[in-house]
Amino acid sequence: MRLSQMLFVTLRDDPADAEIPSHKLLLRAGYIRRIGSGIYAYLPLMWRVLQKVSQIVREEMNATGAQECLLPQLQPADLWKESGRWDTYTKAEGIMFSLVDRREQQLGLGPTHEEVITTVARDMIRSYRQLPLHLYQLQTKFRDEIRPRFGLMRGREFIMKDGYSFHADEESLKKTYQDMYKAYSNMLRRSGLAFRAVEADSGAIGGSGSTEFMVLADAGEDEVLYTEDGKYAANVEKAVSVPEKAKISNFINFEKRETQGTDTIEKLCQFLKCSPTVVVKNILYQTVYDNGLTVLVLVNIRGDQEVNEVKLQNELTKLARKFFAKAIIAFSIPTSETIATWATKSLPLGYIAPDISDDYIAGSKQVNSKFVRLVDQTAVELKNFVTGANESGFHVVGANWGEQFKLPELTVDIRKAKAGDRSLHDSNQTLQTARGIEAGHIFQLGTKYSEAMGATYTNEQGEEKPLIMGCYGVGVSRLAQSAVEQSYDKDGIIWPVAIAPYHAIVTIPNIKDAQQIAVAEQLYTELNKAGVETLLDDRDERAGVKFKDADLIGIPFRIVTGRAITNGKVEVVKRANRESQEIPIEEVVNTLQQWVKEAIER
């Protein structure tokens, strides 16, 4: 392709609304164009990158025996109501675009396709002889992000590969899951990315186990915790660890103390001259279930620990049936203004004790009449601890479970693991931290959707059983931007060769020089014929402008038909390390072929 004929416009300055380097560079280099909030046009260079990523994804999926299909983007609400996720996606998380057609029927634009594929399976799979079956698609998805940001990282429209497998037993599911683990690792490796596979929370998709594939980058939204021995890695939402041991409490006798102005753990510990590890802090949460019931949750946890709210919500989801509900649609720490609307008497915020009375909410018509009480394992182990006294300006010291306070019946692990904690598998290993961008996620769904939607098969004994399912997703457009976030410098993008829009760019410094033009045209034609995808910068621009643009768009190899051609050579520059060398013109094609091959196979 000749740049003079291409839709190619670069920007000198960073766009004002771009926040992270990859977003800025893709806009500046003319890869994408913002059309609306979270909505982007993929311009010719970007589309070539996306096609290359898609091809790698297809090759790895097809190698496992998966079959490509295409599912509808427009989905009837009734399917989502069957699975029980309509309210979760349209109200709780609010990420589904929903609409009503001219026949007054509710529809949604697909953020994911579990319901659609389960409907297909329900209608078409009858016998165990048809199993296992694995279908996948590359499709545009839609999510109504409340705050679209970071370009293609968190947009409202994006390209994704999602696949779904169906099985007769767990053993078959686990085999496909391992096949996908290998395939996804291959996809990222072949795309030239540094990544880490980590244990993850299944979230709204559901299922018994899942793995995220994180592209390592400083701008990653997710925190990954891992051990140096390579035996453990998890998203912080899922991570577990051994916390630091609690200090021995200095408070031997139980007593109530005045502690005015100590409504935070830091202030309290400074006032009492104690370690936060001897404090039981009590945190109030408000949960709204899909049946409209509001439930107040009191969490007891050690003072130096933070609540992992994903783990907490998972525990509260388990309790949904107790309240005749299926799912959580709202979850938050209530503000004092919110509390005032349902508390029947003034709560001593900042000084709440583990035994706060249900009387504070028993008379309210807006919330459940009793607190749900959960205690984290870190708080269970404490002796002679410090905690609130249920009176503003007062705490108690030297308290114990089973003496001054009844231990809650529900003991849970809801603490947030953090860097520096000891690992569970080896106490000599401590957790390290890194930032990551989630590019892929695989799930063992089990029978969550098949049971809800009546998707069954007949086994060898003639019994009707629910299909066992797996789900596997790769963000194609997100992966492409992740590559930029991982590899760039002050001058622009540094694409991995395998997914670069072009392998090489031939730059003519002076288009008025007939010899430069002739050599450039020759190399441009021969390189493309040899399979080295090549751009020709034949624009009537200054050499400096052309060099800057080549660096900005990140083409792996730049060939310059400059002064060296008088010696029968051209300058070849590697974008990744700026290594420059002069190569005889007749050796350029073979050299570039070899470099491209080595880079792709690496």
Side-chain angles (χ1 to χ4, degrees), residues 88 92-93 198-210 212 222-225 232-246 264-265 276-289 294-323 325 327-334 349-350 352-356 368 370-382 385-388 401 405-425 431 433:
T88 300
E93 296 190 18
V198 305
E199 293 181 21
D201 182 75
S202 297
I205 297 291
S208 59
S210 70
E212 285 176 339
D222 293 289
E223 182 183 3
V224 174
L225 296 174
Y232 183 74
N235 188 309
V236 70
E237 294 176 347
K238 181 74 172 181
V240 294
S241 63
V242 179
E244 177 189 349
K245 287 185 178 180
T264 68
I265 297 296
T277 65
V278 304
V279 177
V280 172
K281 63 180 175 182
N282 309 292
I283 309 171
L284 194 61
Y285 288 91
Q286 178 173 305
T287 302
V288 181
Y289 287 100
T294 297
V295 175
L296 302 177
V297 183
L298 186 68
V299 173
N300 316 130
I301 191 168
R302 205 171 82 183
D304 64 322
Q305 301 298 316
E306 298 298 324
V307 173
N308 183 324
E309 294 188 351
V310 171
K311 290 183 180 179
L312 175 57
Q313 287 185 71
N314 289 340
E315 293 294 337
L316 296 174
T317 298
K318 294 176 187 177
L319 296 175
R321 290 184 181 178
K322 174 182 177 182
F323 301 111
I328 294 171
I329 63 171
F331 174 83
S332 63
I333 293 179
L349 297 178
I352 290 175
D355 64 350
I356 187 79
N368 190 55
K370 292 185 177 181
F371 290 105
V372 169
R373 302 171 190 270
L374 304 175
V375 59
D376 182 72
Q377 292 171 354
T378 54
V380 172
E381 304 161 359
L382 296 184
F385 55 79
V386 177
T387 194
W401 300 112
F405 298 106
K406 179 183 176 182
L407 186 69
E409 294 180 7
L410 295 175
T411 298
V412 291
D413 174 16
I414 52 173
R415 62 175 286 273
K416 183 183 288 187
K418 61 181 185 292
D421 288 347
R422 290 171 291 147
S423 71
L424 292 181
H425 75 275
L431 296 187
T433 184

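- For Arg415, the side-chain hydrogen bond (donor to acceptor under 3.5 Å, both in side chains) partners two or more places apart in sequence, or in a different chain, are Ser241, Gln305, Asp421.
- Under the salt bridge (Lys or Arg N to Asp or Glu O under 4.0 Å) test applied with Glu306, the options Lys418, Lys281, Lys311 reduce to a single match, Lys281.
- In this structure, Thr287 has no side-chain hydrogen bond (donor to acceptor under 3.5 Å, both in side chains) partners at least two apart in sequence or on a different chain.
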Trace of the side chain to side chain contact (heavy atoms under 4.5 Å, CB included) decision for Tyr285 with Glu309: CA-CA 10 Å; Tyr285 288 91; Glu309 294 188 351; 3.3 Å; yes

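- Here CD1 of Ile414 is found 8.5 Å from CG of Asn308. Values are rounded to the nearest 0.5 Å.
- A donor-acceptor contact shorter than 3.5 Å links the side chain of Asn282 to the backbone of Ile352.
- Distance check: Asp376 CG to Glu315 CD gives 10.0 Å after rounding to the nearest 0.5 Å.
- For Val380, the side-chain contact (heavy atoms from CB on, under 4.5 Å) partners at least two apart in sequence or on another chain are Val375, Leu407, Thr411.
- Rounding to the nearest 0.5 angstrom, the gap separating the CD1 atom in Ile328 from the OH atom in Tyr289 is 5.0 Å.
- Side chain of Arg373 to main chain of Val299: no donor-acceptor pair is present (N/O by atom type, distance under 3.5 Å, no hydrogens or angles).
- Note that the CD1 atom of Ile333 and the CD atom of Gln286 stand 11.0 Å from one another [nearest 0.5 Å].
- Minimum interatomic distance between Ala419 and Leu225 (heavy atoms only, all atoms of both residues): N-CD2, 3.8 Å.
- Results of the side chain to side chain contact (heavy atoms under 4.5 Å, CB included) test with Phe331 over Thr317, Leu316, Val288 single out Leu316 as the only residue that passes.
- Qualifying side-chain hydrogen bond (donor to acceptor under 3.5 Å, both in side chains) partners for Glu223, counting only residues two or more places apart in sequence or in other chains: Thr433.
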Verdict with supporting geometry, Leu424 and Val242, side chain to side chain contact (heavy atoms under 4.5 Å, CB included): CA-CA 6 Å; Leu424 292 181; Val242 179; 3.4 Å; yes

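- Ala246 and Leu382 make their closest contact through CB-CD2, 3.8 Å (heavy atoms, listed as atom of the first residue, atom of the second, distance).
- Across every non-hydrogen atom of Pro243 and Arg422, the tightest pair is O-NH2, 3.2 Å.
- The pair Glu381-Lys245 fails the salt-bridge criterion, with no side-chain N (NZ, NE, NH1 or NH2) lying under 4.0 Å from an Asp/Glu carboxylate O.
- The distance from atom CD1 of Ile283 to atom CG of Leu312, rounded to the nearest 0.5 Å, is 9.0 Å.
- Among residues two or more places apart in sequence or in another chain, the ring-ring contact (aromatic ring centres under 6.0 Å, His included) test is passed with Phe405 by none.
- Of the possible donor and acceptor atoms, none in the side chain of Thr387 sits under 3.5 Å from a partner among the backbone N and O of Ala353.
- For NZ of Lys416, the number of neighbouring non-hydrogen atoms (other residues, nucleotides, ligands) closer than 6.0 Å is 12 at most.
- One distance of note links CD of Gln377 with CD1 of Ile301; it measures 10.5 Å at 0.5 Å rounding.
- Considering only residues two or more places apart in sequence or on other chains, Asp355 meets the side-chain hydrogen bond (donor to acceptor under 3.5 Å, both in side chains) condition with Asn390.
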